[in-house]
Amino acid sequence: MVKRLVNTLSLPVFIFPILAMSFATETSANEPLRLKHTVYLGGLYLGSVKTDVREAGNTYAIMSEARSNSSLTWMFEWIANATSSGTVFKNKVVPDYHFHQSAWNDKKRGATLTFDADGDVKAELVGKKNTNLQKYTPLPKDGLRNSVDPMSMILSAVLSYEADNRCDGYYPVFDGRRRYDVKLTDAGEKVFKPSKYSVFSGKASGCRINIIEKGGFKRDADYKLDEDEELIVWVAKPVEGGRPVPVRMQVQTDLGSMEMHLEKYTDGRVQLASKSAQ
């Protein structure tokens, strides 16, 4: 049960930082885009995800930190950190470095990825490796070349989004252990009512996320969405003239309804916080 809670919390850790990254090209010069999202499962506060995006010329750097609810330390404690960096040449995203590490009750697990100009990627792992093919699917032999890390991947998608305000594309991703493709499709619009948990209310655009597993995944996953449940992240500008960022997610899991809210938003000009901000 505890491990399933941790795996459930890890879902927004994967999604929200990379989506925040995708809209960072609109931030003010030398001003970081800072976001804080809170995650609830069946009304229970699970934890938060903080994202900090910085740019300098044609280079980018993203940092994220996720923490479980401190009130749940009697049951489990979970912390995750990630960093990505790279450059953009003629609208092509070229990552050079990615690091992520999580700690569950002091058990660390993570990876450091380095990318070269030829599209090759090397991974140094921390923690248990997915070598038991009875538990994990094998990585594709020739499928890692020209892949990108999860946080850099969405920067490629922003080019399409900026062109027509639609979320679409198909992207090869490698996180050090798992190789998968991310398919993004437009999911229309939705209006959200004011909430004490969020700085945003109003109309948002949907980004549907489909993960196509290629290798390195558990054959018997601890976490799964409800059957036929769509994973959609809703994107909008929290203030007029602000930056479009992920503002809400609602999805049914086998442990209940999970929600994400944008609790804090700072873009160098504006600082917002929800009524329930911690």
Side-chain angles (χ1 to χ4, degrees), residues 1-18 39-44 46-47 49 64 66-69 72 74-82 98 100-113 121 123-144 147-151 153 170-185 208-233 249-260:
M1 176 66 175
V2 172
K3 291 191 69 175
R4 291 169 71 198
L5 281 171
V6 173
N7 288 332
T8 300
L9 180 57
S10 69
L11 177 64
V13 173
F14 162 71
I15 295 171
F16 305 135
I18 63 174
V39 183
Y40 294 83
L41 180 65
L44 173 68
L46 282 188
V49 183
S64 70
R67 287 183 176 271
S68 57
N69 181 355
L72 299 177
W74 61 271
M75 183 169 55
F76 72 91
E77 184 175 15
W78 187 74
I79 302 172
N81 296 278
H98 173 76
H100 69 267
Q101 181 171 277
S102 62
W104 177 59
N105 291 343
D106 296 327
K107 293 182 179 180
K108 294 183 179 180
R109 182 182 178 92
T112 298
L113 306 182
V121 55
E124 296 182 6
L125 303 181
V126 174
K128 187 177 179 180
K129 298 181 180 180
N130 302 350
T131 55
N132 187 341
L133 296 184
Q134 292 184 341
K135 293 184 177 180
Y136 298 92
T137 58
L139 287 171
K141 293 182 179 179
D142 301 319
L144 303 185
S147 60
V148 298
D149 66 86
M151 296 173 76
M153 158 256 151
Y170 202 91
Y171 307 94
V173 181
F174 179 54
D175 67 6
R177 283 184 169 81
R178 299 171 298 180
R179 170 68 178 86
Y180 53 92
D181 290 339
V182 176
K183 182 181 180 181
L184 305 178
T185 55
R208 183 182 294 106
I209 301 175
N210 293 101
I211 306 297
I212 298 91
E213 299 179 2
K214 296 296 183 178
F217 286 83
K218 278 189 175 183
R219 297 183 184 276
D220 184 16
D222 296 321
Y223 165 81
K224 63 180 180 179
L225 300 179
D226 277 0
E227 187 176 356
D228 300 326
E229 179 72 18
E230 290 186 317
L231 179 56
I232 299 175
V233 174
M249 185 188 76
Q250 297 170 303
V251 65
Q252 290 297 321
T253 76
D254 58 346
L255 291 178
S257 176
M258 183 171 69
E259 292 189 0
M260 175 279 296

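The structure presented is a predicted model; accordingly, all values stated were derived computationally and were not measured.
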Next item on the list: Could you give me the CA-CA distance, side-chain angles and deciding distance for L231 and M249, then say whether side chain to side chain contact (heavy atoms under 4.5 Å, CB included) is met?
Entry: CA-CA 8 Å; L231 179 56; M249 185 188 76; 3.4 Å; yes

Item checked: pair V173-S147: side-chain heavy atoms closer than 4.5 Å -> no

Next item on the list: Might you point out which heavy atoms bring F174 and L113 nearest each other, and give the distance in Å?
Entry: O-CD1, 3.3 Å

Margin query: Quick check against the 3.5 Å criterion: does R109 have a side-chain atom that pairs as donor or acceptor with the backbone of K128?
Written below: yes

Notebook entry, point to check: Checking side chain to side chain contact (heavy atoms under 4.5 Å, CB included) for the pair R67/I79: CA distance, chi angles, key distance, verdict?
Noted result: CA-CA 5 Å; R67 287 183 176 271; I79 302 172; 3.2 Å; yes

Check: Can Y136 and K218 be said to form a side chain to side chain contact (heavy atoms under 4.5 Å, CB included), step by step?
Finding: CA-CA 4 Å; Y136 298 92; K218 278 189 175 183; 3.4 Å; yes

Margin query: Using modelled atom types and a 3.5 Å cut-off, is there a donor and acceptor pairing between side-chain atoms of R179 and backbone atoms of P140?
Written below: no

Notebook entry, point to check: Got a second to check how far E124's CD is from T112's OG1, nearest 0.5 Å?
Noted result: 6.0 Å

Next item on the list: Work out which heavy atom in A111 is nearest to a heavy atom in G176; give both atom names and the distance.
Entry: CB-CA, 4.2 Å

Check: Going from NZ on K214 to CG on L139, what distance comes out if it is rounded to the nearest 0.5 angstrom?
Finding: 12.5 Å

Next item on the list: Side-chain contact test, heavy atoms from C-beta onward, threshold under 4.5 Å: evaluate it for P150 versus H98 and give yes or no.
Entry: yes

Next item on the list: For T137 and G216, indicate whether the former's side chain and the latter's backbone hold a donor-acceptor pair under 3.5 Å.
Entry: yes

Check: What closest approach, in Å, do E213 and Y180 show between heavy atoms, and which atom pair accounts for it?
Finding: CA-CB, 4.2 Å

Item checked: Contact summary for V126 and R177, nearest pair of heavy atoms -> O-NH2, 2.9 Å

Next item on the list: Only one of L184, V182, I212 passes side-chain contact (heavy atoms from CB on, under 4.5 Å) with Y170; say which it is.
Entry: I212

Note to self: Quick check for you: to the nearest 0.5 Å, what is the distance between I209 atom CD1 and K183 atom NZ?
What the structure shows: 13.5 Å

Item checked: Spatial distance of atom OH (Y171) from atom CG (D181) [nearest 0.5 Å] -> 11.5 Å

Notebook entry, point to check: Are the side chain of R219 and the backbone of L133 linked by a donor-acceptor contact shorter than 3.5 Å?
Noted result: yes

Item checked: Reported CG-to-CG distance for the pair D175 and D149, which is rounded to 0.5 angstrom -> 9.5 Å

